[in-house]
A.B. asks: 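This is the structure I have questions about; it appears just below.
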Amino acid sequence: MRFDLNVLKHLGLKMYTNLPAVISEYVANAWDALAETVHVEIPQNESMNPDYEIKIIDDGTGMTKREINDEFLVVGRNRRQDEGKDVVEIEDKERKVMGRKGIGKLAGFGVADIVQLRTVKNGEFVEFELDYGEMREQAREDPNATTTYNPEIIAEGETNESSGTEVTLRNLDRDQRPNPEYVVQRLSRRFSVLSDDFQVFVNGEEIKGTQRNLKERCQFKREYNNVAIGSDGKYTIDGWIGTLKNPVPDNIEGGVAVMARGKTVQTPITFGVAEGGTRGQMALQYLVGEVHADFLDEEEDLIATHRTEVLWEKEPAKHLREFIVAEIEEICSEWPEKRRDEQMEEIREEEPYERYINPLDEKERELADKFLGKLAKQGDYDDDTIGEMASYVSSGVQQKSFRDLLKKIEQSDISNTERLVELFDQYEVLDAMNSLRIVRGRYYAIQKFETLVEHGDADIDDLHGFVGDNPWLIDPRWDYLDEELDVRQEIHDNFNDTKIESRVGFISLGDGDTVRLVDIRHPNHVINAEDLSQFKSYIDYLRSVSDLPPIDNREVEGYLVAKEAKESREVENEIRRMKMDDMRIRSYDEIKDIARRSHKAFLQVFERKAERTDSQMLRTHLNEGGQLGLDDFVAGEF
């Protein structure tokens with residue numbers, strides 16, 4: 001293997017710390033070798049001992065010793081450029097090459113110290129070993145050296161075995177056994193080429209395209225078939241973008257994934273789009289998609305080195321970004337009305353409707369339908385509010401006063417719904433008032449949070465309890481989560497390093513699908529590499545026992561809260577990698593910024609409601625909130 005050790009160091013062999021990302025590189029290599037099947041073996045009947053190994057075995061073309069030396073072991077080799085074509089073909093089989101940068105072969109070093117390969121081609125085999133420790137040692141002896149690393153040849157000769165390659169990852173850099181289900185889940189969304197012609201198995205379980213494909217689960221979707229983008233229409237894309245019936249579950253990344261040559265090149269993203277008011281922004285919680293753009297990986301390589309992010313500022317990637325952003329904005333804008341139409345259909349199928357409204361006479365039922373229909377189309381209501389109003393109307397129409405009110409509206413000029421809108425406006429004001437009280441309560445909670453943070457060690461137990469009682473501080477979506485004391489106890493029982501000076505404590509929050517472990521550090525603590533490694537071990541452990549109580553096959557996410565992270569390349573790179581593996585860092589300043597953005601969005605909605613309904617009462621309460629400092633808070637001046 002010929003390489004510049006200094007350059008290799010800056011490439012970052014450790015960029016692939018996510019096990020599914022590592023395995024993905026070898027699966028891509030198998031695709032390029034025209035393999036039909038790939039078997040990934042992740043042992044589950046043994047603990048993480050020095051002999052623990054992960055294997056990736058394919059039935060591709062394999063390599064001769066010459067091909068290993070002249071092609072495989074050349075770091076940074078651009079196969080497409082060297083061979084003058086971007087397809088690989090044998091007999092009647094042809095595939096577009098996935099590999100490009102020539103560093104995927106090093107992916108194994110992201111999780112293991114030794115990568116062993118055994119490859120067979122045309123009746124001959126070669127087995128050799130790459131040792132990351134030996135490479136480091138050569139770099140340590142002469143950091144400026146450009147050198148040749150000679151892998152150890154374990155065996156070679158003739159064989160009756162079929163062609164193919166077996167990669168073995170040894171001396172794994174982790175304490176807990178990997179979770180095969182987690183690997184299956186992640187791999188299923190990284191490849192669109194899974195089919196009868198290219199099958200991938202993990203411990204004997206085939207990864208199905210249906211595990212990746214969310215398209216059929218969408219309530220609304222747009223499909224793209226050879227759609228031209230950009231002003232000249234030179235480049236085309238395929239794919240789809242849609243919204244699920246329910247919010248995207250925590251075990252799936254929301255947003256639009258971008259793929260090239262059948263492999264993910266941009267993890268799901270929304271580009272920060274927030275259109276269509278509060279209801280439009282809600283659409284982003286339901287948004288998923290998959291856009292195929294092979295041109296990103298053809299003429300010019302527009303994909304970052306780690307192969308999970310597109311270089312969006314370069315053309316034509318820039319045109320693709322503009323196209324996707326425009327589609328997301330339009331989908332967000334249309335989503336509220338489509339959802340409300342669906343909601344009205346669902347309301348008619350609800351038990352209160354069947355019980356109370358269906359038995360009414362035709363006129364009363366018509367009035368109730370008009371009321372519910374108008375409410376469902378009025379906007380800025382979440383599903384729970386619509387459901388509550390359906391229940392209210394279904395019982396209200398049984399009361400004479402309510403029926404008289406509806407009749408009075410019906411007796412007015414029904415083609416002019418001013419009276420009906422006035423009624424809705426009255427309800428909208430009351431709804432806004434209730435929401436405003438919640439926002440104001442959270443504002444006071446954030447004031448208390450800031451006080452606790454500023455006091456440092458003085459009220460550290462209060463800080464721990466406060467975050468547990470107000471999980472929305474970590475993530476605004478966490479309104480209704482239960483504290484999972486058993487999960488927290490599991491960490492304390494299995495690790496001796498849980499009680500350290502910098503740690504306030506653990507909070508474990510969960511719902512039916514996900515467990516979230518939050519490690520709260522002192523407000524003045526700066527996260528270092530050791531903290532990250534320690535926290536990863538906790539999450540890896542919980543994932544390794546996912547099939548046992550108290551995890552019960554739920555996804556495991558992690559959040560590490562502290563003042564800030566140490567400014568170093570090592571820490572910054574590790575934080576980026578952990579984020580891709582559902583382990584995130586939250587600074588106390590970020591928590592306050594997230595709260596500000598959330599409150600600002602709500603206040604903008606209230607301002608529009610006050611203007612549309614001309615409600616002096618709502619305007620007065622908004623002014624009172626401004627006097628209390630709420631406006632200064634959302635502006636970042638508090």
A.B. asks: Between Arg95 and Ala30, which heavy-atom pair has the shortest distance, and what is it?
C.D. replies: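 In this case the closest contact between Arg95 and Ala30 is NH1-O, 4.2 Å.
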A.B. asks: Under a 4.0 Å N-O cut-off, is there an ion pair linking Arg66 with Asp70?
C.D. replies: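 Yes, this pair counts.
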A.B. asks: State plainly whether the residues Arg321 and Glu313 are in salt-bridge range, i.e. N to O under 4.0 Å.
C.D. replies: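 Yes.
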A.B. asks: Is it true that Arg170 and Asp113 have a side-chain N and a carboxylate O under 4.0 angstrom from each other?
C.D. replies: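 No salt bridge links Arg170 with Asp113.
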A.B. asks: With sequence neighbours excluded, give me every ring-ring contact (aromatic ring centres under 6.0 Å, His included) pair touching residues 33-70.
C.D. replies: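 As it turns out, the ring-ring contact (aromatic ring centres under 6.0 Å, His included) pairs with a partner in residues 33-70, which skip direct neighbours, are His39-Phe201.
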A.B. asks: Any ion pair linking Glu574 and Lys536 (charged N to carboxylate O, less than 4.0 Å)?
C.D. replies: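 Salt bridge between Lys536 and Glu574, a charged N being under 4.0 Å from a carboxylate O: yes.
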A.B. asks: Determine, stepwise, if the pair Ser544 / Asn179 fulfils side chain to side chain donor-acceptor pair (under 3.5 Å).
C.D. replies: CA-CA 5 Å; Ser544 73; Asn179 182 352; over 6 Å; no
A.B. asks: If you apply the rule side chain to side chain donor-acceptor pair (under 3.5 Å), what do you find for Tyr541 with Glu490, and how did you get there?
C.D. replies: CA-CA 10 Å; Tyr541 169 75; Glu490 188 79 7; 2.7 Å; yes
A.B. asks: Does atom NZ of Lys338 have more than 12 heavy-atom neighbours, drawn from other residues, nucleotides or ligands, at distances under 6.0 Å?
C.D. replies: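 Buried by this count: over 12 neighbours within 6.0 Å.
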A.B. asks: Checking Thr64 against Lys121: is there a side-chain donor and acceptor pair closer than 3.5 Å?
C.D. replies: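 No, no side-chain donor-acceptor contact under 3.5 Å.
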A.B. asks: What's the verdict on salt bridge (charged side-chain N to carboxylate O under 4.0 Å, His left out) for Arg569 and Glu572, showing C-alpha distance, side-chain angles and the deciding distance?
C.D. replies: CA-CA 5 Å; Arg569 184 184 298 272; Glu572 291 171 356; over 6 Å; no
A.B. asks: Under the ring-ring contact (aromatic ring centres under 6.0 Å, His included) rule, collect the residues that match up with Phe535, sequence neighbours excluded.
C.D. replies: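 Phe535: no ring-ring contact (aromatic ring centres under 6.0 Å, His included) contacts found.
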A.B. asks: Report the C-alpha separation of Glu25 and Lys263 in whole Å, then their side-chain angles, then the decisive distance to 0.1 Å, and conclude whether the salt bridge (charged side-chain N to carboxylate O under 4.0 Å, His left out) test is met.
C.D. replies: CA-CA 10 Å; Glu25 292 300 321; Lys263 186 170 183 280; 3.4 Å; yes
A.B. asks: Can you confirm whether more than 12 heavy atoms, excluding those of Lys318, are under 6.0 Å from its NZ atom?
C.D. replies: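 No, NZ of Lys318 has 12 or fewer neighbouring heavy atoms, counting only those of other groups under 6.0 Å.
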A.B. asks: State, to 0.1 Å, how close Pro151 and Leu130 come at their nearest heavy-atom pair, and which atoms those are.
C.D. replies: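 Distance-wise, the nearest heavy atoms are CG-CD2, 3.4 Å.
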A.B. asks: Let's go through Arg222 and Glu330 carefully: what are the C-alpha distance in whole Å and the side-chain angles of both, what is the deciding distance for salt bridge (charged side-chain N to carboxylate O under 4.0 Å, His left out) to 0.1 Å, and is it a yes or a no?
C.D. replies: CA-CA 11 Å; Arg222 294 184 175 191; Glu330 194 166 321; 2.9 Å; yes
A.B. asks: Would you call Arg118 and Glu127 a salt bridge, taking side-chain N to carboxylate O under 4.0 Å as the test?
C.D. replies: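 A salt bridge is present here (some side-chain N lies under 4.0 Å from a carboxylate O).
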A.B. asks: Does this structure show an ion pair linking Glu253 with Arg186, if we count only N-O contacts that are shorter than 4.0 Å?
C.D. replies: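 Salt bridge present between Glu253 and Arg186.
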A.B. asks: Taking it one step at a time, do Glu36 and Gln199 satisfy side chain to side chain donor-acceptor pair (under 3.5 Å)?
C.D. replies: CA-CA 6 Å; Glu36 294 183 352; Gln199 298 173 293; over 6 Å; no
A.B. asks: For Lys65, check side-chain hydrogen bond (donor to acceptor under 3.5 Å, both in side chains) against everything at least two apart and list the hits.
C.D. replies: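 So Lys65 forms a side-chain hydrogen bond (donor to acceptor under 3.5 Å, both in side chains) with Glu156.
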A.B. asks: With a 4.0 Å cut-off, would you call Glu223 and Lys215 a salt bridge?
C.D. replies: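 Lys215 and Glu223: salt-bridged.
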